[in-house]
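Below is one structure; the comments refer to it alone.
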Amino acid sequence: MVGYASLTSRGQLTIPKKVRNELSLKSGDTVAWTVVDGLLIGTPRNLEFADLAGFLGDPPDGPAALEQIDAVVRDAVGRHVAGEEHGDEREGAG
């Protein structure tokens, strides 16, 4: 789907109605804006967690138990807090 909007002198955009309808956007919803390789990407923040089910496809090793997911999240948060950029970086590795 393609939609066009003109930027006003106040820096505002109106999201076209067909795009708003497709994304179930309503007045007051938030859109997160990101620039990737010179492209402006708007992501609606009105999604429920359940709306994302299957977004990434099937897990490579099959379904994971909640305990496994929790462990991976804890590990990723720990790496982030420690300032590591990649999951394969470990102290002394290199």
Pairs satisfying salt bridge (Lys or Arg N to Asp or Glu O under 4.0 Å), at least one member in residues 30-43, at least two apart: none
Spatial distance of atom CG (Leu40) from atom OG1 (Thr34) [nearest 0.5 Å]: 8.0 Å
Exercise: identify the closest heavy-atom pair between Gly3 and Val19: CA-CG2, 4.2 Å
Inter- and intrachain pairs under side chain to side chain donor-acceptor pair (under 3.5 Å), touching residues 12-25, at least two apart: none
Test salt bridge (Lys or Arg N to Asp or Glu O under 4.0 Å) applied to Asp70 - qualifying residues, sequence neighbours left out: none
Partners passing side-chain contact (heavy atoms from CB on, under 4.5 Å) against Val31 (at least two apart in sequence or in another chain): Ile15, Leu25, Trp33
With sequence neighbours excluded, residues passing side-chain contact (heavy atoms from CB on, under 4.5 Å) with Val77: Val73, Val81
Residues clustered with Leu39, ILVMFWY side-chain links under 4.5 angstrom: none
Taking every non-hydrogen atom, the tightest pair across Gln68 and Pro63: OE1-O, 4.4 Å
